Each structure stands twice: as structure tokens, then as C-alpha cells.
Amino acid sequence: LGLIIAGDFNCVPGGDTYQFIKSDQFQQGRLRSSYDTYSCTEEQRQTSQGSFEFEPKQTTSGKGAVTVDYIWYDPKSFQVSSLLPLPTPEQISLIPNQTQGSDH
């Protein structure tokens with residue numbers, strides 16, 4: 001059975017919650033971040049040794065330029081084929097607006 005977990009985790013890449021989700025202690029370490037997966041090649045992923053360097057720089061407003069929103073998935077059950085483009089930091093600072101009700 002495949003698993004997708006998405007939401008505002010209120011933790012930055014490399015933080016305790018992020019590391020726990022990537023660890024073998026949670027779902028045997030089988031989940032991957034969709035941003036991380038889609039933003040790098042397999043070779044880059046293998047040489048980054050599980051780092052978070054391919055996460056977006058910012059996914060939220062009002063908390064500074066940080067990433068706290070994630071889409072985790074099981075690559076044995078799902079494949080990332082595309083992602084919506086993330087707003088620029090300037091666009092994020094203007095959310096909510098008429099087209100985007102949230103920064104999530």
C-alpha cells in the first residue's frame with residue numbers, strides 16, 4: 001500500500017522532524033520528498049548522501065525565507081511526474097491574494 005504525507009510540518013530541511021521522516025525509524029526510510037526528487041538527478045541524489053540541498057529555499061511567508069511544507073511519497077508506489085512551480089519569495093509575501101488563498 002502506497003503512502004503520501006503532505007502538509008505544513010513547521011520544520012526546516014535538516015530539522016528533527018525532517019530527519020525523522022527520512023530515517024529508517026519512520027516507514028523504514030522509504031519516503032522521499034517530492035521536491036527533492038524532482039529537482040535533482042539520480043546521480044546528484046546518490047552523491048548528496050541524503051542531504052536536503054534540493055529542497056526549495058522557501059515555501060512559506062511570514063516566517064522568513066524557509067521551507068516548512070513538504071510532499072513525502074513512497075517511490076515504490078508513486079512517481080513524481082511534475083510539480084507546480086513554487087511562487088517566488090516576492091509572490092509568497094503577497095499571499096493570500098485573489099488566486100492563492102494560502103502559502104500551502
Side-chain angles (χ1 to χ4, degrees):
L1 182 61
L3 179 64
I4 295 175
I5 301 175
D8 181 343
F9 289 81
N10 283 326
C11 74
V12 296
D16 291 342
T17 302
Y18 184 97
Q19 292 301 331
F20 176 72
I21 291 172
K22 288 186 77 165
S23 76
D24 289 339
Q25 296 173 340
F26 184 79
Q27 297 293 317
Q28 292 80 45
R30 72 180 196 204
L31 298 184
R32 286 192 181 165
S33 166
S34 61
Y35 298 120
D36 189 43
T37 299
Y38 195 71
S39 301
C40 68
T41 66
E42 186 63 34
E43 181 181 347
Q44 288 172 318
R45 187 176 308 102
Q46 289 176 1
T47 59
S48 69
Q49 299 176 349
S51 76
F52 47 86
E53 65 186 289
F54 298 105
E55 294 291 354
K57 299 291 184 217
Q58 180 177 3
T59 63
T60 189
S61 64
K63 299 175 187 173
V66 296
T67 295
V68 295
D69 306 297
Y70 303 94
I71 304 169
W72 297 91
Y73 74 102
D74 180 351
K76 292 182 179 178
S77 301
F78 303 100
Q79 178 180 342
V80 178
S81 60
S82 67
L83 293 173
L84 292 173
L86 292 171
T88 66
E90 294 77 24
Q91 292 169 324
I92 287 177
S93 68
L94 299 174
I95 296 172
N97 58 41
Q98 291 179 335
T99 60
Q100 295 177 301
S102 173
D103 62 355
H104 298 86

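None of these values were measured; they are calculated from a predicted model.
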(message) With side chain to side chain contact (heavy atoms under 4.5 Å, CB included) as the criterion, how do Ser34 and Tyr70 come out once you've worked through the C-alpha distance, each side chain's angles and the decisive distance to 0.1 Å?
(response) CA-CA 8 Å; Ser34 61; Tyr70 303 94; over 6 Å; no
(message) Testing Ile21, Val68, Asp69 one by one against Phe9 for a side-chain contact (heavy atoms from CB on, under 4.5 Å), which residue passes?
(response) Ile21
(request) For Tyr73 and Phe78, work out which heavy atoms get closest and say how close. (result) CE1-O, 3.5 Å
(request) Flag the pair Thr67 / Val12 as yes when at least one side-chain heavy-atom distance between them is below 4.5 Å, and no otherwise. (result) no
(request) Enter the distance from Asp16:CG to Ser23:OG here, rounded to the nearest 0.5 Å. (result) 11.0 Å
(message) I want to know whether Tyr18 and Trp72 have ring centres closer than 6.0 Å.
(response) yes
(request) Work out which heavy atom in Gly2 is nearest to a heavy atom in Ser77; give both atom names and the distance. (result) CA-OG, 3.2 Å
(message) Do Ile5 and Phe26 make a side-chain contact, defined as non-hydrogen atoms from C-beta onward lying under 4.5 Å apart?
(response) yes
(message) With salt bridge (charged side-chain N to carboxylate O under 4.0 Å, His left out) as the rule and sequence neighbours excluded, what pairs involving residues 70-81 come up?
(response) Arg30-Asp74
